[in-house]
*Asks:* 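Below are the structure tokens for one structure; questions will follow.
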Number of protein chains: 2
Amino acid sequence: MLYTLKQFAEMFNATEHTIRYYTDINLLPCQRDKSNHRIFNEESVNWMQGIACLKGCGASIEVIKEYCNLCRLPESRETLYARYQIILRQREQAYKRIEEAKATAAYMDEKVQHYEQILSGLIPDDSNPGTWTEDTRPEKHE
Amino acid sequence: MLYTLKQFAEMFNATEHTIRYYTDINLLPCQRDKSNHRIFNEESVNWMQGIACLKGCGASIEVIKEYCNLCRLPESRETLYARYQIILRQREQAYKRIEEAKATAAYMDEKVQHYEQILSGLIPDDSNPGTWTEDTRPEKHE
DNA sequence: TATTGACTTCGAGTTACTCGAACTTGCTAT
DNA sequence: ATAGCAAGTTCGAGTAACTCGAAGTCAATA
């Protein structure tokens with residue numbers, strides 16, 4: 001199964017620009033057809049999944065590249081272990097992200113409740129974190 | 001309770017540069033002492049909490065600014081409602097983030113398992129998404 | 001033959017920091 | 001008094017990871 005740039009980008013909810021960028025910096029392997037257009041195969045899909053996931057953990061392009069480079073080195077216990085270490089570290093980041101997102105969502109739930117109470121006229125808007133008093137109110141900007 | 005730039009930055013695990021940046025673009029209100037140094041109070045803390053949370057939802061500085069501007073407009077049902085809308089939208093993003101992070105973590109768990117199996121010598125490294133075959137292996141790049 | 005649509009490269013712009021240089025201030029130690 | 005130090009200041013340049021747009025190529029269709 002082969003994919004054009006457009007199809008491939010769509011599969012991953014990415015822009016064609018971004019996919020082009022990834023191929024340009026050699027993150028994502030791709031072949032070219034006779035008119036020099038990028039073509040992607042199942043392998044590209046696998047790769048992109050891995051890249052998207054590392055990205056999802058918050059890994060930088062540099063780190064992802066490092067991982068990719070390790071993958072294309074001749075396989076040995078050392079390179080395998082190095083890859084494993086990166087994956088371990090990034091997994092931790094992923095779990096940290098879940099917790100952060102949960103805390104954020106909880107805070108937002110509170111805010112929503114608060115606004116709903118104010119809007120329904122139940123309480124006045126005085127306890128809202130994020131309201132300035134006169135003397136700390138910054139100047140209008142832009 | 002008053003805080004120096006350094007203390008304030010520490011409280012939020014941010015760099016002094018970032019806090020300075022936020023005050024410069026008028027996101028975060030701050031007063032100055034007689035030697036022109038920034039000083040932060042409890043109100044700044046509240047504000048920063050709000051900003052950090054919106055950031056945590058993935059909101060752009062522009063959106064956060066918009067929210068801040070609404071907060072400092074004379075209070076009315078409309079501005080209150082507009083604020084509420086922003087909060088609602090961002091809360092959704094926060095929940096989306098939880099789901100994404102969960103999916104990412106699950107994928108990473110699989111990867112970890114996979115690597116542990118390979119490293120313990122149980123299976124060869126052939127089924128790993130993220131491994132190139134000879135002909136799609138990209139050139140070494142920096 | 002002309003237009004269409006998807007592609008190409010390349011260079012400039014954007015966001016949200018991030019860093020460093022050069023300078024000022026107030027405090028302590030000699 | 002003065003020298004040094006840690007903290008602050010402004011300002012301008014640099015960075016990551018895109019993001020956009022211009023100008024051009026190429027194959028298929030009307």
Side-chain angles (χ1 to χ4, degrees), chain A residues 2-41 44 47-48 50-69 90 93 100 138-139 141-142, chain B residues 2-41 44 47-48 50-69 90 93 97 100 139 141-142:
Chain A
L2 298 177
Y3 308 93
T4 65
L5 175 62
K6 199 181 190 190
Q7 290 167 334
F8 191 79
E10 244 156 43
M11 283 178 72
F12 289 98
N13 278 323
T15 68
E16 298 160 43
H17 271 295
T18 300
I19 301 299
R20 236 178 260 128
Y21 173 66
Y22 284 175
T23 65
D24 287 350
I25 62 171
N26 247 321
L27 247 197
L28 189 62
C30 80
Q31 289 151 312
R32 302 289 185 134
D33 67 10
K34 66 276 174 235
S35 31
N36 198 35
H37 294 180
R38 288 165 183 84
I39 42 176
F40 303 90
N41 55 23
S44 318
W47 257 122
M48 191 58 193
I51 289 167
C53 210
L54 286 172
K55 279 232 68 185
C57 299
S60 70
I61 294 276
E62 259 331 291
V63 167
I64 302 177
K65 226 182 211 169
E66 197 189 325
Y67 180 77
C68 292
N69 286 343
Q90 294 307 320
Q93 293 306 307
E100 276 168 14
E139 292 306 298
H141 184 261
E142 191 250 332
Chain B
L2 298 177
Y3 308 95
T4 66
L5 174 63
K6 199 181 191 190
Q7 291 168 333
F8 191 79
E10 243 155 43
M11 281 177 73
F12 290 98
N13 279 321
T15 68
E16 298 161 42
H17 270 294
T18 301
I19 302 299
R20 237 179 260 128
Y21 172 67
Y22 284 175
T23 65
D24 287 350
I25 62 171
N26 248 319
L27 247 198
L28 189 62
C30 81
Q31 290 151 314
R32 303 288 184 133
D33 67 9
K34 66 275 175 235
S35 30
N36 198 34
H37 294 180
R38 288 165 182 84
I39 42 176
F40 303 90
N41 54 23
S44 318
W47 258 120
M48 191 59 192
I51 291 167
C53 209
L54 286 172
K55 279 231 68 184
C57 298
S60 70
I61 294 275
E62 259 331 291
V63 166
I64 302 177
K65 225 183 213 169
E66 197 189 325
Y67 180 76
C68 292
N69 286 343
Q90 294 307 319
Q93 293 305 308
R97 286 207 156 199
E100 277 168 14
E139 291 308 297
H141 184 261
E142 191 246 334

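Since the model is a prediction, treat every value here as computed from it, not as a measurement. Proteins get letters first, then strands, A, B, ... in listed order; numbering begins at 1 in each.
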*Asks:* Toward the 5' end of DNA chain C, which comes first, Thr18(B) or Gln7(A), by nearest nucleotide?
*Replies:*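 Residue closer to the 5' terminus by nearest nucleotide: Gln7(A).
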*Asks:* Using a heavy-atom cut-off of 4.0 Å across all strands, would you classify Ser60(B) as base, sugar-phosphate, or nothing?
*Replies:*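 The answer is sugar-phosphate, as Ser60(B) gets under 4.0 Å only of primed atoms, P, OP1 or OP2.
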*Asks:* Contact between Leu54(A) and Tyr67(A) at the side-chain level, heavy atoms closer than 4.5 Å - yes or no?
*Replies:*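 With C-beta onward as the side chain, the pair touches.
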*Asks:* For Lys65(A) and dC18(D), what is the distance between atoms NZ and P respectively, to the nearest whole Å?
*Replies:*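 Computing the Lys65(A):NZ to dC18(D):P distance gives 12 Å.
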*Asks:* So, do Thr4(B) and His37(B) sit near enough that their side-chain heavy atoms are less than 4.5 Å apart?
*Replies:*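 No - every pair of side-chain heavy atoms lies 4.5 Å or more apart.
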*Asks:* Please determine if a side-chain N or O atom of Tyr21(A) lies less than 4.0 Å away from the OP1 or OP2 oxygen of dA16(D).
*Replies:*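 Checking Tyr21(A) against dA16(D): no side-chain N or O falls below 4.0 Å of OP1 or OP2.
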*Asks:* Should Cys30(A) and Ile39(A) be marked as a side-chain contact (heavy atoms from CB on, under 4.5 Å) after you check the CA-CA gap, both sets of side-chain angles, and the distance that decides it?
*Replies:* CA-CA 6 Å; Cys30(A) 80; Ile39(A) 42 176; over 6 Å; no
*Asks:* What I'd like to find out is whether the side chain of Glu66(B) reaches to under 4.5 Å of the side chain of Glu62(B), using heavy atoms alone.
*Replies:*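 No, every pair of side-chain atoms sits at 4.5 Å or beyond.
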*Asks:* Contact class for His37(B) vs. all strands (heavy atom < 4.0 Å): base, sugar-phosphate, or nothing?
*Replies:*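 Here His37(B) touches the backbone only, sparing every base.
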*Asks:* Determine the contact category for Lys55(A): base if any of its heavy atoms lies under 4.0 Å from a base atom, sugar-phosphate if only primed atoms, P, OP1 or OP2 are that close, otherwise nothing.
*Replies:*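 Touches sugar-phosphate only.
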*Asks:* So Ser44(A) and Tyr3(A), do their side chains get closer than 4.5 Å, heavy atoms only?
*Replies:*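 The answer is no, as the side chains (C-beta and beyond) never meet within the 4.5 Å cut-off.
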*Asks:* Between Thr4(B) and His17(B), just flag the one whose closest nucleotide in DNA chain D comes earlier from the 5' side.
*Replies:*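 Result of the comparison: Thr4(B).
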*Asks:* Looking for any heavy atom pair under 4.0 Å, which part of the strands does Thr15(B) touch: base, sugar-phosphate only, or nothing?
*Replies:*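 Nothing, no heavy atom under 4.0 Å.
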*Asks:* In whole angstroms, how far is the P atom of dC18(D) from the CD1 atom of Ile64(A)?
*Replies:*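 Computing the Ile64(A):CD1 to dC18(D):P distance gives 8 Å.
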*Asks:* Please check the phosphate of dA17(D) (OP1 and OP2 only) for any side-chain N or O of Arg20(A) closer than 4.0 Å.
*Replies:*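 So the side-chain polar atoms of Arg20(A) never come under 4.0 Å of the phosphate oxygens OP1 or OP2 of dA17(D).
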*Asks:* May I have the distance from Asn13(A) (atom CG) to dC18(D) (atom C1'), rounded to whole angstrom?
*Replies:*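 Between C1' of dC18(D) and CG of Asn13(A): 16 Å.
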*Asks:* Expressed in angstrom and rounded to an integer, what is the separation of Leu54(A) atom CG from dA16(D) atom P?
*Replies:*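 One finds 18 Å between P of dA16(D) and CG of Leu54(A), rounded.
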*Asks:* Any side-chain heavy-atom pair from Phe40(B) and Arg38(B) closer than 4.5 angstrom?
*Replies:*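 Yes. Closest side-chain heavy atoms under 4.5 Å.
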*Asks:* Please state how far atom CD1 in Ile25(A) lies from atom P in dC18(D), giving the value in whole angstrom units.
*Replies:*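 Result: 8 Å.
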*Asks:* Within this structure, what is the CG-to-P distance between Asp24(A) and dA17(D), rounded to whole angstrom?
*Replies:*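 The answer, rounded to whole Å, is 15 Å.
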*Asks:* A side-chain contact here means heavy atoms from C-beta on lying under 4.5 Å apart; do Ile19(B) and Met48(B) qualify?
*Replies:*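 Of all side-chain heavy-atom pairs linking Met48(B) with Ile19(B), at least one is under 4.5 Å.
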*Asks:* Of all nucleotides in DNA chain C that come within under 4.0 Å of a heavy atom of chain B, which is furthest toward the 5' end and which toward the 3' end?
*Replies:*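 In short, chain B contacts DNA chain C from dA16(C) to dG26(C).
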*Asks:* Can you check the Asn36(A) CG to dG24(D) C1' distance for me, whole Å?
*Replies:*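 After rounding, the reported distance stands at 13 Å.
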*Asks:* Just N and O in the side chain of Arg38(B): are any of them under 4.0 Å from OP1 or OP2 of dT9(D)?
*Replies:*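 Answer is yes, contact under 4.0 Å.
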*Asks:* Please report, rounded to the nearest Å, how far the P atom of dA7(D) is from the CD atom of Glu16(B).
*Replies:*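 In whole Å, dA7(D) P and Glu16(B) CD are 8 Å from each other.
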